[in-house]
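Here is the structure we will look at, set down as structure tokens.
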Amino acid sequence: MDDRLNNRIRQELSLTDDILLVCHMRPDGDAIGSLIGLGLALETAGKTVRMVSVDGIASNFKFLAGYKKIKQTIGENFNLVIAIDCSDIQRTGLEKEIGDKPIINIDHHITNDHYGLINYVDSKAAATAEIIAENLPHWGLALDIDIASALLTGIITDTIGFRTSNVTSRTLHLAADLMSFGIDISEIYMHALINRSIEAVRYWGAGLNKLHQIDSLVWTSLTLEDQKKTGYSGKDDADLINILSSIEGINISIIFIEQPGGGVKVSWRAQPGYDVSQLAMEFGGGGHPAAAGAMFDKQLEEVQEIVIRETRKILINNKHS
Ligand code: 5GP
Ligand code: MN
């Protein structure tokens, strides 16, 4: 907790009534949970809030109260922007629209480039929702069951059910506090983490069929053809990366996902002791030491060649250190 930053945020909020709240492109549970959680809390405090996710919201988060408030485009009137879970302003997908409006940047990525007027960046937090849950009262905002449920969804999804290496006793204490609003935690697990569409599982199958391995590195690709064949309509990997990173003896896993508009999205996962965030950042992306991503404006084969070559260097360098 940072008292100085909290006072600045509280003061900035007191100066404005019209707020644009925005999360990152291809939003995950932390982005959506934080967006709804903070958005509802600001509304309860009497603010006019526009909650924006340029890529909308996946159906598995539509159990959250308030999800219908999420829009894909910005409104006209806002005096303040709060960017959530975005390590750089491009991640919002709204860089131009935001222009030179003041920004409060709330994030937990080590690769955050501090683009805001106020930057609450805590890379020790397991989720951006954890930062929000911990600090809402210090920003003069109150919690209720809907807000707590959204924030707990953010924490549970980003930690894959409290099992990533950045989970601390603080994470669990905050989760317990959120649960005490009367939340059914198994409902969150089922909706946000466990339930899968048949199309998503077939899509996993397409990726698993093409699994490659060199030493302790595994990778696969998901093509537009795989999407078509299986009927999966997301632009993401349907969390297949979590299956890859659970393979015994594997230190780094990668998925290459062909994008409908051209280009390839790359996702990395690494075991403790390996850092994929810096490599992702060198390619214009970002993330955490253990989980990172980047977008490439090239063809799949070329991206695979470059990324596998550079990722292998991390494994080789770590071996010698
Ligand atoms: P995922 O691989 O699940 O998309 O993302 C893993 C982590 O890396 C998440 O924390 C996500 O926010 C971050 N990340 C993924 N893609 C990008 C990107 O293109 N740019 C940045 N800055 N971060 C990314
Ligand atoms: Mn996050």
Side-chain angles (χ1 to χ4, degrees), residues 23-32 35 52-64 67 70-73 85-86 90-94 153 157-158 160 190-213 217-247 250 252-269 276 280 283-287 291-308 311:
C23 69
H24 59 75
M25 297 187 264
R26 294 181 296 277
D28 55 18
D30 192 21
I32 293 296
L35 188 68
V52 175
S53 159
V54 289
D55 286 324
I57 169 170
S59 58
N60 55 327
F61 302 124
K62 290 188 176 167
F63 72 100
L64 292 171
Y67 83 86
I70 295 182
K71 306 278 189 286
Q72 288 188 250
T73 55
D85 206 36
C86 297
Q90 292 81 6
R91 277 286 271 168
T92 62
L94 293 168
T153 298
T157 52
D158 239 34
I160 328 171
M190 288 315 291
H191 284 292
L193 215 50
I194 313 283
N195 284 350
R196 302 286 168 185
S197 67
I198 188 82
E199 291 82 9
V201 177
R202 290 204 172 105
Y203 186 58
W204 284 359
L208 289 171
N209 252 326
K210 293 178 275 182
L211 196 64
H212 296 273
Q213 180 190 4
L217 173 70
V218 291
W219 74 92
T220 193
S221 60
L222 290 163
T223 61
L224 295 175
E225 182 61 29
D226 293 329
Q227 285 208 353
K228 213 163 92 187
K229 252 183 358 211
T230 60
Y232 184 73
S233 59
K235 294 181 191 171
D236 55 16
D237 65 332
D239 295 331
L240 176 61
I241 194 78
N242 293 343
I243 310 270
L244 264 53
S245 60
S246 68
I247 303 171
I250 294 305
I252 300 184
S253 39
I254 315 174
I255 295 192
F256 300 88
I257 311 141
E258 249 182 356
Q259 296 294 298
V264 175
K265 161 77 198 296
V266 178
S267 282
W268 287 266
R269 294 296 182 272
V276 286
F283 287 126
M295 270 295 294
F296 289 73
D297 205 9
K298 292 189 168 72
Q299 298 290 315
L300 181 62
E301 282 195 1
E302 196 183 344
V303 177
Q304 282 187 325
E305 197 190 308
I306 301 167
V307 168
I308 289 161
T311 307

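Basis for what follows: all heavy atoms, side chains included, without hydrogens, waters or symmetry-related copies.
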Subject >> Gln72 CD: over 12 foreign heavy atoms closer than 6.0 Å >> reply: yes
**OP:** State the CZ-OH distance between Arg196 and Tyr232, to the nearest 0.5 angstrom.
**Re:** 8.0 Å
**OP:** Would you check if Met295 and Met25 make a side-chain contact, meaning some heavy-atom pair closer than 4.5 Å?
**Re:** no
Original post:
Got Asp158 and Asp28 here, is their nearest side-chain heavy-atom distance under 4.5 Å?
Top reply: yes
Subject >> Contact check, side chains of Asp239 and Leu193, non-hydrogen atoms, under 4.5 Å >> reply: no
Original post:
Which of these, Thr230, Leu240, Leu244, Asn209, sits in a side chain to side chain contact (heavy atoms under 4.5 Å, CB included) with Trp204?
Top reply: Leu240
**OP:** Name the orientation class of the two ring planes belonging to Phe283 and Phe296 (parallel below 30°, tilted from 30 to 60°, perpendicular beyond 60°).
**Re:** tilted
Subject >> Carboxylate-amine/guanidinium contact Lys265 Asp237, below 4.0 Å >> reply: no
**OP:** Mind listing the closest non-hydrogen atom pair of Cys86 and Cys23 along with its distance?
**Re:** SG-C, 3.7 Å
Subject >> Nearest-0.5 Å distance, NE2 of residue His212 to CD1 of residue Ile254 >> reply: 11.5 Å
**OP:** Please report the closest heavy-atom contact between Gly293 and Ala280, naming both atoms and the distance.
**Re:** O-CB, 3.7 Å
Original post:
Measuring from Asp55:CG to Ile32:CD1, what's the distance to the nearest 0.5 Å?
Top reply: 9.5 Å
Original post:
Looking at Thr153 and Leu64, what are the two nearest heavy atoms and their distance?
Top reply: OG1-CD2, 3.6 Å
Original post:
Is the number of heavy atoms from other residues, nucleotides or ligands within 6.0 Å of NZ (Lys298) greater than 12?
Top reply: no
Original post:
Ala238 and Tyr203: which non-hydrogen atoms are nearest, and at how many Å?
Top reply: CB-CD2, 4.0 Å
Original post:
Would you say the side chain of Asn242 lies within less than 4.5 Å of the side chain of Arg269, judging by non-hydrogen atoms?
Top reply: yes
Original post:
How about Phe61 and His191: do any of their side-chain heavy atoms sit closer than 4.5 Å?
Top reply: no
Subject >> Rounded distance (nearest 0.5 Å) linking atom CD1 of Ile308 with atom CZ of Phe256 >> reply: 4.5 Å
Original post:
Looking only at atom types and distance, does a side-chain atom of Glu258 sit under 3.5 Å from a main-chain N or O of Val264, one as donor and one as acceptor?
Top reply: no
Original post:
Between Pro27 and Gly56, which heavy-atom pair has the shortest distance, and what is it?
Top reply: CG-O, 3.2 Å
Subject >> 4.5 Å side-chain heavy-atom contact, Ile247 and Gln213 >> reply: no
Original post:
Does Ile243 offer a backbone N or O that forms a donor-acceptor pair with the side chain of Ser246 under 3.5 Å?
Top reply: yes
**OP:** Any chance you could measure Ile252, atom CD1, to Thr311, atom OG1, to the nearest 0.5 Å?
**Re:** 6.0 Å
Subject >> Over all atoms of both residues, closest heavy-atom pair of Ala192 and Asn60 >> reply: O-ND2, 3.5 Å
Less than 3.5 Å apart, which donor and acceptor atoms pair up between the side chains of residues 218-225 and the rest of the protein, not counting sequence neighbours?
{"from": "Thr220", "atom 1": "OG1", "to": "Gly207", "atom 2": "O", "distance (Å)": "2.6"}
{"from": "Thr223", "atom 1": "OG1", "to": "Glu225", "atom 2": "N", "distance (Å)": "3.4"}
{"from": "Thr223", "atom 1": "OG1", "to": "Asp226", "atom 2": "N", "distance (Å)": "3.0"}
{"from": "Thr223", "atom 1": "OG1", "to": "Asp226", "atom 2": "OD2", "distance (Å)": "3.1"}

**OP:** Report yes if some heavy atom in the side chain of Arg26 is under 4.5 Å from a heavy atom in the side chain of Gln259; otherwise report no.
**Re:** yes
Original post:
Between Thr92 and Val54, does a side-chain contact (heavy atoms from CB on, under 4.5 Å) hold up when you go through it step by step?
Top reply: CA-CA 7 Å; Thr92 62; Val54 289; over 6 Å; no
